Amino acid sequence: MKKLLQKIFLAVLIISAPEGAQAQIKKMLSYNPDQHVVLATGFLDYPPIGYIKTEGRDRYFISVFDEVMRDFSKNTGLKVKYVFDGDYRDLIRKTEGGKIDLVLGIYHETKMYEGFDIVFPSMINNPVSIITLPEKAGSITNLSQLKKLKGGISNKEYLTDYVNEQLDAYNLERFDSSNAMFEKLFTGQIDYVFASYFFGIVETSKLGLRDRLSFSKQVIWNMPLFFGISKMSELRTLLGGKLAAYSEKPENKEKLEKYLKKMIYEIEESYRGVVPPAYSLPQ
């Protein structure tokens, strides 16, 4: 009843107010939290950055930015609703067209995201590292050595345009299946794997291989992740201002990094005890 009376009151104000004041009141109405929901999306199959979790008939969108979105809702009164049905690239196109307001985790200077406002600074990085068998970890000391070897990379990776260009200098086999990729690593058909660090941990944990592989301490390429805002969104200015102010605070960055570590730990624990595949040498 209270909300209804508020709307009636504002409607009366618009009718009775001078023309200039009418525009201002309409602007107030357009940002009324009762009328607006922020539609957000992100990677659908790239844990822990963004992925879909299924429990029975229910499907949930999970993101490393979940806590940021909860803080955003609390600070603005706006509700955040995740959109995750369909293909990722289709969701990106819908965001460009204004049907979705926000993408959680995009790359700067990458063609796929040219149609977005990027919120600076980045709160989190997605580093690329090298995965090898433990006995080979110490033998690779620089990138020039890798160019003489054969490597692998998953087709499920999401990389910046810059990193994709750098990969052209290496002898890489691309894989649709992580199992097939790591089988070739263990059987000596490839010498190393390029993987974004968090994705690599998740994929090796799923296969029970997390403790049987070595991840390089050296970051090969760093890929900062940003919030991407649709230039067609009615909430463009509000989202940009609020998220930029949030991202600038060191304590919020620390909070996000802590949440990321928690997600990684929970994923590793959920696959603890998985029996690794018994890879055999090719005939």
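Just so you know, these numbers come straight off a predicted model, no measurement behind them. The basis for the numbers below is simple: all heavy atoms, side chains too, and nothing from hydrogens, waters or symmetry mates. For reference, positions follow the sequence shown, starting with 1.
With hydrogens and angles ignored, the 3.5 Å screen pairs a side-chain donor or acceptor of T110 with a backbone N or O of H108. The closest donor-acceptor contact from the side chain of S73 to the backbone of L78 lies under 3.5 Å. Within the 3.5 Å criterion, the main-chain N or O of M263 finds no donor-acceptor partner in the side chain of E266. Distance alone, capped at 3.5 Å, is enough to place a donor-acceptor pair between the S122 side chain and the L225 backbone. The main-chain N or O of S63 is found under 3.5 Å from a side-chain atom of D66 such that the two form a donor-acceptor pair. Between the side chain of N125 and the backbone N or O of N222 there is no donor-acceptor pair closer than 3.5 Å. Proximity of a side-chain donor or acceptor of Y107 to a complementary backbone N or O of Y158 within less than 3.5 Å is detected. K253 places a side-chain N or O within donor-acceptor distance of the main-chain N or O of M123, the cut-off being under 3.5 Å. The backbone N or O of R93 sits nowhere less than 3.5 Å from a side-chain atom of D90 that would complete a donor-acceptor pair. In this structure, the side chain of N75 engages the main chain of D71 through a donor-acceptor pair within 3.5 Å.
Between W221 and F194, the ring planes lie tilted relative to each other; the angle falls in the 30° to 60° range. A tilted orientation is assigned to the rings of Y279 and F186, their planes being inclined by 30° to 60°.
Residue Q166 holds its CD atom at 8.5 Å from OG1 of T160, rounded to the nearest 0.5 Å. Within the model, atoms CZ of R89 and CD1 of I92 stand 9.0 Å from one another, a figure rounded to the nearest 0.5 Å. Within the model, atoms CE of M223 and CG of L159 stand 5.0 Å from one another, a figure rounded to the nearest 0.5 Å. Summarising the geometry, atom CD belonging to E183 is positioned 10.5 Å from atom CD1 belonging to I190; distances are rounded to the nearest 0.5 Å. Within the model, atoms CG of L185 and CZ of F175 stand 9.0 Å from one another, a figure rounded to the nearest 0.5 Å. Going from atom CZ of F182 over to atom OG of S154 covers 8.5 Å, rounded to the nearest 0.5 Å.
Put simply, I49 and V83 are part of the same group of oily side chains (I, L, V, M, F, W, Y) that touch within less than 4.5 Å, one to the next. Follow the hydrophobic side-chain contacts under 4.5 Å out from Y271 and you never reach I264; the two are in separate clusters. Note: the hydrophobic cluster containing V202 does not contain I124 (ILVMFWY, side chain heavy atoms under 4.5 Å, direct or indirect links). M232 and L91 end up in different hydrophobic clusters when Ile, Leu, Val, Met, Phe, Trp and Tyr side chains are linked at under 4.5 Å.
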Q) For V193 and I130, what are the C-alpha separation, side-chain angles and deciding distance, and is it a side chain to side chain contact (heavy atoms under 4.5 Å, CB included)? A) CA-CA 6 Å; V193 167; I130 303 168; over 6 Å; no
**Q.** Verdict with reasoning, L239 to V38, per side chain to side chain contact (heavy atoms under 4.5 Å, CB included)
**A.** CA-CA 9 Å; L239 284 169; V38 177; 4.0 Å; yes
Q: Could you check V37 against V80 for side chain to side chain contact (heavy atoms under 4.5 Å, CB included), going step by step and ending with a plain yes or no?
A: CA-CA 6 Å; V37 173; V80 177; over 6 Å; no
Q: Before giving the answer on salt bridge (charged side-chain N to carboxylate O under 4.0 Å, His left out), spell out for D87 and K94 the whole-Å C-alpha distance, their side-chain angles and the decisive distance to 0.1 Å.
A: CA-CA 11 Å; D87 175 77; K94 286 182 178 179; over 6 Å; no
Q: Step by step, work out the side chain to side chain contact (heavy atoms under 4.5 Å, CB included) result for L102 and M69.
A: CA-CA 11 Å; L102 178 68; M69 290 296 96; 3.9 Å; yes
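Inspection of the S177 and N179 side chains reveals no N or O donor paired with an N or O acceptor under 3.5 Å. A donor and an acceptor atom, one from each side chain of S196 and E157, are located under 3.5 Å apart. Between the side chains of Q189 and T187, at least one donor-acceptor pair of N or O atoms lies under 3.5 Å. Residues Y113 and D161 bring no donor and acceptor atom of their side chains to less than 3.5 Å of each other.
Within a 6.0 Å radius of NZ in K255, more than 12 heavy atoms belonging to other residues, nucleotides or ligands are found. In the displayed structure, Y259 atom OH is contacted under 6.0 Å by more than 12 heavy atoms of other residues, nucleotides or ligands. Within a 6.0 Å sphere centred on CZ of F120, other residues, nucleotides and ligands contribute more than 12 heavy atoms.
Counting only residues at least two apart or in different chains, salt bridge (charged side-chain N to carboxylate O under 4.0 Å, His left out) contacts with residues 215-227 are absent. Counting only residues at least two apart or on different chains, the salt bridge (charged side-chain N to carboxylate O under 4.0 Å, His left out) pairs with a member in residues 95-122 are D117-R236.
Closest heavy-atom contact between A195 and G200: CB-CA, 4.1 Å. The minimum heavy-atom distance between S230 and F116, with the atom names listed, is N-CD2, 4.2 Å. Residues S247 and P121 share a closest heavy-atom pair of CB-O, 3.6 Å. Between S178 and E203, the shortest heavy-atom distance links the atoms OG-OE1, 2.6 Å. Residues L133 and L213 share a closest heavy-atom pair of CD2-CD2, 3.8 Å. Across L172 and G152, no two heavy atoms sit closer than the pair CD2-N, 3.8 Å.
Side-chain contact between I106 and I118 is present, with at least one heavy-atom pair separated by less than 4.5 Å. Between L260 and L256, every side-chain heavy-atom pair lies at or beyond the 4.5 Å cut-off. Between I62 and P47, the closest side-chain pair of non-hydrogen atoms is not below 4.5 Å. Using a 4.5 Å heavy-atom threshold, the side chains of V128 and V219 count as separate. Within the 4.5 Å cutoff, the side chain of L167 has heavy atoms near those of the R174 side chain. Residues D45 and I52 have side chains not in contact (no heavy-atom distance under 4.5 Å, counting atoms from C-beta outward). Here the side chains of F43 and F199 are not in contact, with every heavy-atom distance at 4.5 Å or above. Side-chain contact between L235 and H36: present, with at least one pair of heavy atoms (C-beta onward) separated by less than 4.5 Å.
Screening Y88, Y46, Y82 for a ring-ring contact (aromatic ring centres under 6.0 Å, His included) with F61, the sole residue that qualifies is Y82.
Under the 6.0 Å distance and 45° angle rule, R210 counts as a cation-pi partner of F215. For K53 and Y60, the positive end is not near the middle of the six-membered ring at less than 6.0 Å and at most 45° from its axis.
The pair D191-K184 fails the salt-bridge criterion, with no side-chain N (NZ, NE, NH1 or NH2) lying under 4.0 Å from an Asp/Glu carboxylate O. Checked for salt-bridge contact, D85 and R59 meet the test: a charged N lies under 4.0 Å from a carboxylate O.
Aromatic ring centres of Y246 and F72 lie farther apart than the 6.0 Å criterion allows. In summary, the aromatic rings of F65 and F227 are positioned with their centroids under 6.0 Å apart.
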